[in-house]
Amino acid sequence: MTRAVLVQAADGPGAITVGIRQVRQPREGEVLLRVRAAAVNPADVALWRTLGGGDVPVPFTPGMDAAGEVESVGPGVSHLAVGQRAMAVVFPRRPEGGAQAERIVVPAASAVGVPDGLDLVAAATVPMTGLTALEALRTLSLAPGATIAVTGGAGLLASYVIPLAVRAGLRVIADAKPEDMDLVASFGADSVVPRGGAFVDAVRRVVPSGVDGVIDTASITAAVLPAVRDGGVVVYVRTWDAAAPERGIETRRVSVGNALQNTAWLDRLALAASEGELPLRVGETYAPEAAQEAYERMASGGLRGRGVIVFP
């Protein structure tokens with residue numbers, strides 16, 4: 001048995017509580033993780049607000065990110081050992097539920113060791129967002145030397161996309177509010193331009209022919225198209241509006257589900273986080289009993305760091 005955050009309803013007092021769930025021993029290719037920290041992401045809020053789109057039995061345990069210690073390993077697991085600090089990415093719609101529980105069983109391919117010096121609370125903010133950033137770059141599929149624009153430059157996802165894109169040899173233009181210009185520049189963007197209505201003209205001043213691609217973390221959707229050259233690419237994270245691209249521009253949706261068992265990427269992210277390549281942006285921490293507060297704060301928007309539920 002294990003304590004877990006439980007979504008009981010889509011809204012209202014007591015919608016998110018703490019309860020007891022069953023937890024089994026790991027099978028072949030799985031690990032049991034004693035969770036110390038579990039991040040609250042926008043995807044978790046969407047799962048809560050929609051009750052999983054109606055296809056997840058209520059109550060359910062949400063969460064995609066966890067960090068803690070390996071408590072036991074199943075047969076065939078060689079890259080993790082009992083007692084090792086680890087972080088994991090979790091698919092929350094599975095029967096076992098998501099990451100926000102004291103003990104969770106996950107595929108070993110979805111978990112990696114946490115390097116010394118990387119705090120577990122900070123590590124819990126890395127896996128899902130980092131995998132989304134790497135999958136966005138893979139989906140964009142541009143060669144080194146290409147120029148891209150990243151929207152939502154001050155957000156957590158963009159703060160991962162920008163340094164990873166620079167490391168991949170891409171030239172990066174990112175947007176920001178005036179008060180966030182220095183912050184976004186610190187992520188490694190080559191140019192920082194105003195967000196909002198001035199974005200397209202500002203991008204075109206930097207690259208008159210238009211950028212080769214856009215990673216649209218801010219869900220601006222069709223409004224970014226004038227910033228893109230003919231035949232360019234727009235990668236979007238959530239939804240695309242009804243406007244059809246023109247001028248041969250292609251739109252591609254990012255699906256982090258493609259990367260949930262990409263162990264090599266998780267190892268890369270853990271190392272990048274420990275070495276300071278990725279900005280570790282923890283917001284508030286919450287006891288499990290305050291999970292609803294954490295969700296409501298995330299739903300209100302404007303955060304510059306992830307809320308994290310901490311299990312003692």
Side-chain angles (χ1 to χ4, degrees), residues 1-11 15-24 26-27 29-68 86-112 121 123-133 135 156-157 237-239 253-263 265-266 269 286 288 290-299 306-311:
M1 306 292 281
T2 186
R3 282 203 313 154
V5 173
L6 298 175
V7 171
Q8 306 280 357
D11 207 349
I16 303 176
T17 64
V18 176
I20 301 298
R21 288 185 63 110
Q22 295 283 346
V23 61
R24 59 178 175 78
R27 301 171 184 141
E30 295 179 330
V31 298
L32 174 62
L33 190 68
R34 171 57 167 96
V35 176
R36 301 296 179 180
V40 178
N41 292 292
D44 302 324
V45 173
L47 193 70
W48 166 43
R49 290 298 196 194
T50 64
L51 292 184
D55 60 357
V56 179
V58 177
F60 61 84
T61 297
M64 296 189 70
D65 286 318
M87 67 183 197
V89 63
V90 182
F91 181 61
R93 293 175 178 269
R94 63 190 189 148
E96 297 92 338
Q100 292 166 12
E102 279 186 322
R103 287 175 172 82
I104 58 173
V105 173
V106 298
S110 298
V112 296
V121 172
T125 67
V126 172
M128 193 275 288
T129 300
L131 289 175
T132 303
E135 179 64 11
L156 187 65
L157 177 55
V237 178
R238 295 180 183 89
T239 59
R253 184 176 181 273
V254 177
S255 175
V256 72
N258 295 332
L260 294 184
Q261 295 194 35
N262 193 323
T263 313
W265 279 7
L266 285 168
L269 292 167
Y286 302 85
Q292 181 152 340
E293 179 186 347
Y295 273 67
E296 290 173 347
R297 183 68 186 89
M298 173 60 72
R306 285 288 182 263
V308 180
I309 297 170
V310 176
F311 292 90

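Residue indices begin at 1 and follow the sequence shown.
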What I'd like to find out is whether the side chain of [X] reaches to under 4.5 Å of the side chain of [Y], using heavy atoms alone.
| X | Y | answer |
| --- | --- | --- |
| Arg297 | Val40 | no |
| Thr61 | Leu6 | yes |
| Met87 | Val112 | yes |
| Pro42 | Arg306 | yes |
| Arg49 | Tyr295 | no |
| Glu135 | Val256 | no |

Closest heavy-atom contact between [X] and [Y]?
| X | Y | answer |
| --- | --- | --- |
| Val308 | Ala124 | CG1-CB, 4.5 Å |
| Arg27 | Glu30 | N-OE1, 2.7 Å |
| Ala291 | Ile16 | CB-CG2, 3.9 Å |
| Ala88 | Leu33 | CB-CD2, 4.2 Å |
| Gly130 | Leu269 | C-CD1, 3.4 Å |
| Gly98 | Ile104 | O-CG2, 3.6 Å |

Give a yes or no answer on whether the side chain of [X] reaches the backbone of [Y] with a donor-acceptor pair at less than 3.5 Å.
| X | Y | value |
| --- | --- | --- |
| Gln100 | Ala37 | no |
| Asp65 | Met128 | yes |
| Arg3 | Val18 | no |
| Arg21 | Glu96 | yes |
| Trp48 | Ala9 | yes |
| Gln292 | Ala15 | yes |
| Ser110 | Leu260 | yes |

| task | Evaluate side chain to side chain contact (heavy atoms under 4.5 Å, CB included) for Val56 paired with Leu51, printing each intermediate quantity in order. | result | CA-CA 7 Å; Val56 179; Leu51 292 184; over 6 Å; no

Rounded to the nearest 0.5 Å, the CD atom of Gln261 sits from the CG atom of Leu131 at a distance of 11.0 Å

When rounded to the nearest 0.5 Å, the distance separating OG1 of Thr132 from CE of Met64 is 7.0 Å

| query | Going through the distances and angles, do Asp55 and Arg93 end up as a side chain to side chain contact (heavy atoms under 4.5 Å, CB included)? | reply | CA-CA 9 Å; Asp55 60 357; Arg93 293 175 178 269; 2.8 Å; yes

Sorted by chain and number, sequence neighbours left out, side chain to side chain donor-acceptor pair (under 3.5 Å) with Thr17 holds for Gln8

- request: Would you please test Ile309 and Val5 for side chain to side chain contact (heavy atoms under 4.5 Å, CB included) and show each step?
  value: CA-CA 9 Å; Ile309 297 170; Val5 173; 4.1 Å; yes

